[in-house]
Amino acid sequence: MAARKTAGKSKSGPAAPRRKSTPASRSPENVALVLQGGGALGAYQVGVYQGLHEAGIVPNWIAGISIGAFNTALIAGNPPGRRMDALREFWETISQPYLLPATTLGQEARFAGIGEDARAWLDAWEAWRALIEGQRGFYQPRSWFGEDAFTASGPTRASFYTTQPMIETLERMVDFDRLNDGGIRVSVGAVDVASGNLEYFDNAHTRLDARHILASGALPPAFPAVEIDGRHFWDGGLVSNTPLSQLFDAEPRRDSLIFQVDLWNAQGELPQNLLDVAEREKEIQYSSRTRTITDMQRVGQHYRRLLRELLEEIPADVRMKNPWCQRAEQLAGNRRYSLIHLIYRDRARFGHFKDYQFGRVAMREHWQSGLADIGRALAHPEWLELPKGENAFVTHDATA
């Protein structure tokens, strides 16, 4: 499925051998939204979701890591007509510091128009406040409660901040009965601190509550581990910052339209100073798994379809009796995937702290960037269709 050059790039896997007939396009069984981790950059995901919401595109599976898990809970844990209000309330809440006056919504236009140097210092000021004060409804410094982060003992206290405010925010803004039974499959990833393994909490198998969401975003050493049933979990982004593999590995496989929303750009310029190095390090660390997983799935899907083609050349009575053929039937597949990839590419003034600069002005800019990017993607309705022809896995980069 070729994309128009003006809107980005499309890639497809290696072509399968030509058949006598070309498979027709099918409607996707899954419409999935995949949300990467990235702290304050998560407002970009809200802009993307707003565009989908306004276009009438309703995901039936949402998977998130870290801040992506918080956005996932807010969407799945509210009725359709309330979801945008819940996202807006959440982001307007956590973009406020605790002590000093916050930038009000009415001041945003004035601050957005200031010069480059002045705006850089505004961003630095907001980042400094995030470190010193915390963010309202999200986290607070342990020092406020007379605790010394360096001497505090125990896995749920060994951190610079307490995230108890986020538990209260999630329980207030998310209906967990709806999240677990509302018709949207939810998957959030976290790392078992003891084993180092990435695990997914999935409402298809486990009843989720605020602890599971918070565990996905418990990034050390800022935030403490979250205890769930006697085990302790950290941010899933420590192992893989994208939950994309959870969708591809799930059985049974289904035809899927996937919106993959990444907050870190794998490609970037050579750093020129230590601040640039800090930013580039985060981009590489938190973005590379998306590229790897996508490439692996493209190749894997090609071989599953190739195996399916070979099985069709074997007589049915032989396939039914031969155990190797029966095993091959389980591995083979003819499912089709269309993946629309959106990557936050705007460069912040001081990029090394863009993931914890929660100021209102920056939050609104991230949000608007996501809304604009999904608008460009939706301008290509053919991208919303499953791929036709022999290529069963197609990606579209809407922000290239």
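Note that these values count all heavy atoms, side chains included, but never hydrogens, waters or copies made by symmetry. In what follows, residues are counted from 1 in the order of the sequence shown.
By the 4.5 Å heavy-atom criterion applied to side chains, I258 and N30 are not counted as neighbours.
For the residue pair A266 and S287, the shortest heavy atom distance occurs at CA-OG, 3.1 Å. Minimum interatomic distance between F70 and I213 (heavy atoms only, all atoms of both residues): CD2-CG2, 3.2 Å.
With rounding to the nearest 0.5 Å, the separation of CH2 in W91 from CG in N71 is 5.5 Å. To the nearest 0.5 Å, the span separating CZ on F223 from OG1 on T162 amounts to 10.0 Å. If you take OH on Y44 and CZ on R345, they are separated by 8.0 Å, rounding to the nearest 0.5 Å. Atom CG of L214 sits about 10.0 Å away from atom OG of S66, to the nearest 0.5 Å. Atom CD of E279 is separated from atom CD1 of I284 by 11.0 Å, given to the nearest 0.5 angstrom. Separating the OG1 atom in T72 from the CD1 atom in I62 is a distance of 5.5 Å, to the nearest 0.5 Å.
For the residue pair D262/Q260, the side-chain donor-acceptor check at 3.5 Å is satisfied. A donor-acceptor pair shorter than 3.5 Å can be found between the side chains of S187 and W61. For the residue pair R376 / T399, no side-chain donor-acceptor distance below 3.5 Å is found, with atom types taken as modelled. For the residue pair Q285 / W264, no side-chain donor-acceptor distance below 3.5 Å is found, with atom types taken as modelled.
Here R82 does not pair with D175 in a salt bridge; the nearest charged N to carboxylate O distance is not below 4.0 Å. Residues K388 and E382 are not paired through a salt bridge, judged by the lack of any N-O separation under 4.0 Å between the basic side chain and the carboxylate. With salt bridges taken as basic N to acidic carboxylate O contacts below 4.0 Å, none links E329 and R327.
One hydrophobic cluster, built from ILVMFWY side chains closer than 4.5 Å, cannot hold both Y303 and L307; they sit in different ones. By the criterion of side-chain heavy atoms lying less than 4.5 angstrom apart, applied directly or through intervening Ile, Leu, Val, Met, Phe, Trp or Tyr residues, V58 is not grouped with L257; the two fall into different hydrophobic clusters. A continuous path of Ile, Leu, Val, Met, Phe, Trp and Tyr side chains, each step under 4.5 Å between heavy atoms, connects M84 with F259, placing both in one hydrophobic cluster. Transitive grouping of hydrophobic side chains (ILVMFWY, heavy atoms separated by less than 4.5 Å) brings M166 and L131 into a common cluster. I343 and L247 fall into different hydrophobic clusters, where Ile, Leu, Val, Met, Phe, Trp and Tyr are joined by side-chain heavy atoms under 4.5 Å apart, directly or via other members.
In terms of modelled atom types and a separation under 3.5 Å, the side chain of R360 and the main chain of E92 share a donor-acceptor contact. Listed for the R185 side chain is no donor-acceptor partner under 3.5 Å among the backbone atoms of D202. At least one donor-acceptor pair closer than 3.5 Å links the side chain of T169 to the backbone N or O of G137. Although no hydrogens or angles enter the test, the distance criterion places a donor-acceptor pair under 3.5 Å between the side chain of N60 and the main chain of E29. Within the 3.5 Å criterion, the main-chain N or O of D255 finds no donor-acceptor partner in the side chain of R336. With hydrogens and angles disregarded, a donor-acceptor distance shorter than 3.5 Å links the side chain of Q357 to the backbone of G359.
Considering I94, L87, T93 as possible partners of F90, the one that fulfils the side-chain contact (heavy atoms from CB on, under 4.5 Å) test is I94.
Take Y49 and apply the ring-ring contact (aromatic ring centres under 6.0 Å, His included) test, not counting sequence neighbours, and it matches H53. Residues meeting the ring-ring contact (aromatic ring centres under 6.0 Å, His included) test with Y161, sequence neighbours left out: Y139.
Figure legend: R364 and W367 shown as a cation-pi pair, the cationic atom lying under 6.0 angstrom from the six-membered ring centre and within 45 degrees of its axis.
A distance of 6.0 Å or more separates the ring centres of F138 and Y356.
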